[in-house]
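Written below as structure tokens is the structure these notes are about.
These numbers come from the heavy atoms of this one structure, side chains and all, not from hydrogens, waters or symmetry mates. Quick caveat, the model's predicted, so the values are computed rather than measured.
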Amino acid sequence: MTDLLQLLALEMQEIDFRFKKSSIEGKGTPQEVSDRRESVVKKLLEKYFPFPFRIAKGNVIDSFGMRSASIDCLVLNPDHPYTVSDDDRFSVILADGVDYAIEVKPDLTSKSEIERSLHQIHTVKELTRVRHGMLGRAAAPYVKKIPCIVFSNTAYANLELLTQTIVEYYEGKGIKRQNQFDLIVINNRAILVNMRKNSYFFPANNSLGEGIYILQSGSNTLAALLLYLNSLPLSAPRMSSSVLSHYIKSDDSLGYLQCYAHLNERLNQLEIASN
């Protein structure tokens with residue numbers, strides 16, 4: 001394991017510690033606990049997406065008049081206007097300047113919290129960006145959508161149950177693939193990757209079918225997340241490649257993929273029924 005991977009593994013342990021500490025420090029006031037945990041993730045993102053990137057919280061609006069629900073951590077492109085109020089909070093957040101939307105849901109062992117996180121993500125996926133970071137290439141429709149991630153610290157011991165809960169939510173709401181989550185991160189354990197054709201995540205060689213895949217990343221979960229995020233086009237073209245992309249490699253050391261084929265087939269049927 002390289003020095004960087006060791007550092008990232010320790011970062012994940014520190015997040016777990018800080019989340020648990022937040023539960024004690026904000027005990028009796030759920031909003032205080034939530035604010036402290038969001039701050040932990042915000043500070044983590046600020047480390048690996050430093051200025052001129054900025055991390056904000058709030059609703060996102062697009063140029064077509066659509067508005068999302070409030071999202072905990074939005075990674076803003078350096079091009080995003082500095083639209084802050086006197087308390088240093090962003091008064092308006094524009095979809096065309098948002099690179100990633102990350103909803104913090106520390107505990108995914110509650111059906112209501114899982115569904116709430118998926119709803120939050122859905123509201124962001126309904127937005128449409130006009131500009132994109134695909135310099136010199138025609139933009140596929142998916143790059144006009146903001147990449148959406150759920151960040152959690154714990155989840156069901158049985159990840160099939162988590163996947164089933166997600167599938168049932170999408171079936172019940174009739175939500176098609178283009179408006180579903182991209183990644184669900186479970187600290188120090190795994191990443192759920194929503195692989196779809198014409199989307200941010202799909203194997204180039206088509207070796208895997210569409211559906212939700214689980215990367216069993218363990219202590220390399222943060223490394224895998226940063227690899228995924230730095231592989232995505234930003235809302236504006238990069239001037240050069242990401243530094244981290246040269247140090248975190250996509251290989252077996254980051255984990256292996258598995259899926260629940262019967263649940264992915266249900267997502268396939270949902271897509272067919274929606275067309």
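For N187 and N153, the side-chain atoms include at least one donor-acceptor pair closer than 3.5 Å. Of the N and O atoms on the side chains of H246 and S241, at least one donor lies less than 3.5 Å from an acceptor on the other residue. In this model, no donor atom of one side chain and acceptor atom of the other lie less than 3.5 Å apart for S117 and E113. Of the N and O atoms on the side chains of H262 and Q164, not one donor lies less than 3.5 Å from an acceptor on the other residue. Side-chain atoms of Q269 and E265 form a donor-acceptor pair, as typed in the model, at a separation below 3.5 Å. A donor-acceptor contact under 3.5 angstrom links the side chains of D107 and T154, judged on distance only.
The side chain to side chain contact (heavy atoms under 4.5 Å, CB included) with L94 is formed by just one residue from the set T83, I61, L76; it is I61. When each of E171, E271, E210 is paired with R266, the salt bridge (charged side-chain N to carboxylate O under 4.0 Å, His left out) condition holds for E171 and for no other. Here the options are I191, I114, L108, I214, the test is side chain to side chain contact (heavy atoms under 4.5 Å, CB included), and the partner is I184; only L108 passes. The only option from F181, Y228, Y213 that meets the ring pair (Phe, Tyr, Trp, His ring centres under 6.0 Å) definition with F201 turns out to be Y228.
With a 6.0 Å radius and a threshold of 12 heavy atoms from other residues, nucleotides or ligands, K144 has its NZ atom at or below the threshold. Heavy atoms of other residues, nucleotides or ligands lying less than 6.0 angstrom from CZ of F64 number more than 12.
Contacts of T29 classified as side-chain hydrogen bond (donor to acceptor under 3.5 Å, both in side chains), with partners at least two apart in sequence or in another chain: none. Here T221 pairs with S217 under the side-chain hydrogen bond (donor to acceptor under 3.5 Å, both in side chains) rule; sequence neighbours left out.
Distance alone, capped at 3.5 Å, places no donor-acceptor pair between the Y256 side chain and the L215 backbone. Under the 3.5 Å distance criterion, the side-chain polar atoms of N220 are left unmatched by any main-chain donor or acceptor of L5. Proximity of a side-chain donor or acceptor of S22 to a complementary backbone N or O of R18 within less than 3.5 Å is detected.
Remark: R54 does not engage E46 in a salt bridge, criterion side-chain N to carboxylate O under 4.0 Å. Ion pairing between K105 and E103 holds under the 4.0 Å rule for side-chain N and carboxylate O. Salt bridge D182/R196: present, at least one basic N to carboxylate O contact under 4.0 Å.
Minimum interatomic distance between N264 and C259 (heavy atoms only, all atoms of both residues): ND2-CB, 3.6 Å. Nearest approach of L254 to A224, heavy atoms of both residues: CD1-CA, 4.3 Å. Heavy atoms only, all atoms of each residue included: Y156 and T109 are closest at CE2-O, 3.4 Å.
If you take CD1 on I15 and CG on L10, they are separated by 11.5 Å, rounding to the nearest 0.5 Å. Of the inter-residue distances, the one linking L8 atom CG with L227 atom CG reads 11.0 Å to the nearest 0.5 angstrom.
Hydrophobic cluster membership differs between L44 and V33, with clusters built from Ile, Leu, Val, Met, Phe, Trp and Tyr side chains linked at under 4.5 angstrom.
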side-chain hydrogen bond (donor to acceptor under 3.5 Å, both in side chains) evaluation trace for R37 with S23: CA-CA 9 Å; R37 288 172 169 173; S23 298; 2.4 Å; yes

Before you tell me yes or no, could you show the steps for S34 and E38 under side-chain hydrogen bond (donor to acceptor under 3.5 Å, both in side chains), namely the whole-Å CA-CA distance, both residues' side-chain angles and the distance that decides it to 0.1 Å? CA-CA 6 Å; S34 177; E38 289 168 16; 3.1 Å; yes

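For residues 63-77, every residue pair satisfying the side-chain hydrogen bond (donor to acceptor under 3.5 Å, both in side chains) rule, not counting sequence neighbours, is listed here: N77-D99.
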